[in-house]
Amino acid sequence: MAGRFDPLSRAAVRGGRTTVPPGRPAGPAGPGSGPSATEPVEAAPGGPAAGTTAPKRRRWVPEGAVDLGLTLGPLRRGPGDPTFRTTPDGSVWRASRTPHGPATLRVVMTADAACAEAWGPGADWMLDALPALLGAGDDPAAFVPRHRLLHTSHRRRPGLRLTRTGLVLESLIPTVLEQKVTSDEAYRAWRRLVSRYGEPAPGPAEPRLRVMPDARTWTLIPSWDWHRAGVDAKRSATIIRAARVAARMEEAAAMELPEAAARLEAVPGIGPWTSAETLQRSNGHPDAVTTGDLHLPGIIGYALAGDRDADDAAMLELLAPYAGQRHRAARLVLLAGRTPPRRAPRMYRNDIGLI
């Protein structure tokens with residue numbers, strides 16, 4: 001499921017909600033900058049600092065409402081993610097490693113459009129991918145609620161779109177880090193590894209973004225640094241295996257869901273949970289439902305049928321009426337925040353980096 005569920009706070013963190021400050025409305029775009037324009041438009045508040053290489057810009061008009069916090073929230077790996085920032089002017093910043101090299105993207109929503117700026121060798125690629133990133137390929141109208149909870153959750157979030165990054169490895173690696181550990185442990189590992197082995201993002205010095213390491217660098221991280229980051233040998237070996245076939249992994253972004261999942265799961269250590277969590281982000285598929293999760297079946301079962309002990313089979317049966325839209329249905333349940341009362345001790349934190 002896009003985003004992590006935090007059983008300690010009982011919040012719908014797992015639903016992929018990120019708070020984006022409302023900011024101030026940006027001025028109107030300059031003439032001639034239509035939905036596919038990449039020519040300069042009037043800069044929104046909080047643009048690049050003096051002396052920074054001029055960004056490339058694009059203004060894109062979506063067909064419906066887009067909530068940046070809900071749409072891009074699943075891409076944020078914890079509040080300290082060095083590749084993702086929100087700023088008081090209402091902007092969302094992302095640093096990515098595109099097929100053409102590192103890039104920084106800043107996007108802010110105005111009354112009727114998304115205004116974006118991009119820096120770095122991959123700037124053009126990032127701007128070309130902007131509509132998909134903001135859910136242009138998603139069709140919320142295809143979702144028909146059949147439970148009262150889902151009807152209410154869907155109605156309250158008209159700006160929810162399923163993002164599609166088109167980048168597999170940047171979603172796969174942090175997802176592997178999240179296997180069988182707490183959110184805090186996974187986020188700490190991601191922060192440490194990206195901060196140490198990544199590179200400063202192109203563009204403004206603020207908000208201090210970093211681009212994740214390239215595939216070769218992931219394979220060269222020494223075992224002791226994996227350990228210091230709290231990553232056990234099984235997860236680090238899985239990441240290294242995936243990085244060694246990075247080109248093959250990236251091809252999954254253009255595949256249909258079954259073929260994409262099979263491509264990822266051909267790497268030892270990547271199972272249905274990891275492939276689904278990855279493809280929800282890289283491919284934006286509305287039916288990529290997560291199985292093999294510790295909490296999700298109980299949450300779905302409790303919210304839709306009062307069954308806190310539901311397993312994967314029961315969860316899939318409850319989601320069967322939403323075939324083709326099961327990932328969206330599960331996200332809406334998580335965003336509704338209806339979770340079963342706690343009856344077990346907190347999950348023990350076993351951070352090997354502290355040993």
Side-chain angles (χ1 to χ4, degrees), residues 18 20-21 23-61 66 68 71-72 75-77 80-110 113-134 136 163-167 169-170 190-191 193-218 246 250:
T18 291
V20 177
R24 294 170 293 162
S33 54
S36 62
T38 55
E39 295 301 317
V41 300
E42 182 176 336
T52 302
T53 303
K56 295 184 177 181
R57 297 190 175 104
R58 178 173 185 177
R59 180 178 181 270
W60 176 69
V61 181
V66 176
L68 286 183
T71 302
L72 300 183
L75 305 181
R76 186 176 201 171
R77 305 296 181 149
D81 186 349
T83 70
F84 190 109
R85 294 281 190 273
T86 60
T87 49
D89 66 338
S91 300
V92 172
W93 295 75
R94 291 189 67 236
S96 291
R97 187 171 294 280
T98 77
H100 301 291
T104 299
L105 176 73
R106 171 183 175 268
V107 59
V108 63
M109 295 300 301
T110 66
C115 294
E117 299 174 313
W119 296 260
D124 287 331
W125 190 95
M126 290 286 274
L127 293 177
D128 288 343
L130 179 68
L133 186 72
L134 298 183
T163 186
R164 178 178 183 140
T165 66
L167 299 170
L169 212 63
E170 79 164 22
W190 176 246
R191 287 195 304 269
L193 293 169
V194 172
S195 297
R196 183 171 179 82
Y197 291 98
E199 61 187 89
E206 294 294 335
R208 299 189 301 278
L209 291 170
R210 293 188 70 82
V211 180
M212 80 167 198
D214 60 21
R216 183 173 183 274
T217 300
W218 284 110
E250 296 297 344

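In this structure, the side chains of S96 and M126 come closer than 4.5 Å at one or more pairs of heavy atoms. Considering only heavy atoms from C-beta on, E199 stays 4.5 Å or farther from T217 through its side chain. Inter-residue side-chain proximity for D124 and H100 is flagged as unmet; no heavy-atom pair is nearer than 4.5 Å. Taking the side chain as every heavy atom from C-beta outward, V107 and L72 approach each other to under 4.5 Å.
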Side chain to side chain contact (heavy atoms under 4.5 Å, CB included) evaluation trace for L134 with L68: CA-CA 8 Å; L134 298 183; L68 286 183; 3.7 Å; yes
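Put simply, the side chain of R106 never gets that close to the backbone of E117: no donor and acceptor are under 3.5 Å apart. Without hydrogens or angle criteria, W93 side chain to T87 main chain gives no donor-acceptor distance under 3.5 Å. At least one donor-acceptor pair under 3.5 Å links the side chain of T104 to the backbone N or O of P202. Judged by distance alone, the side chain of R191 and the main-chain N or O of G80 form no donor-acceptor pair under 3.5 Å.
In this structure, the separation between SG on C115 and CE on M109 is 8.5 Å, given to the nearest 0.5 Å. Rounding to the nearest 0.5 angstrom, the gap separating the CG atom in L75 from the OG1 atom in T165 is 6.5 Å. With rounding to the nearest 0.5 Å, the separation of OG1 in T98 from CD in E250 is 10.0 Å.
In terms of heavy-atom proximity, P131 sits nearest to D128 at CD-O, 3.5 Å. The shortest heavy-atom contact between V20 and G90 is CG1-O, 3.5 Å. Between P88 and P21, the shortest heavy-atom distance links the atoms O-CB, 3.7 Å. A136 approaches W60 most closely through the heavy-atom pair CB-CZ2, 3.6 Å. Contact record, R210 with T83: O-CG2, 3.3 Å, taken as the closest heavy-atom pair. The shortest non-hydrogen separation linking A123 to A103 is N-CB, 3.9 Å.
Screening L209, D81, V211, L133 for a side-chain contact (heavy atoms from CB on, under 4.5 Å) with R94, the sole residue that qualifies is L133. Each of L169, L167, D214 was evaluated against R97; a single residue qualifies, D214, per the side-chain contact (heavy atoms from CB on, under 4.5 Å) test.
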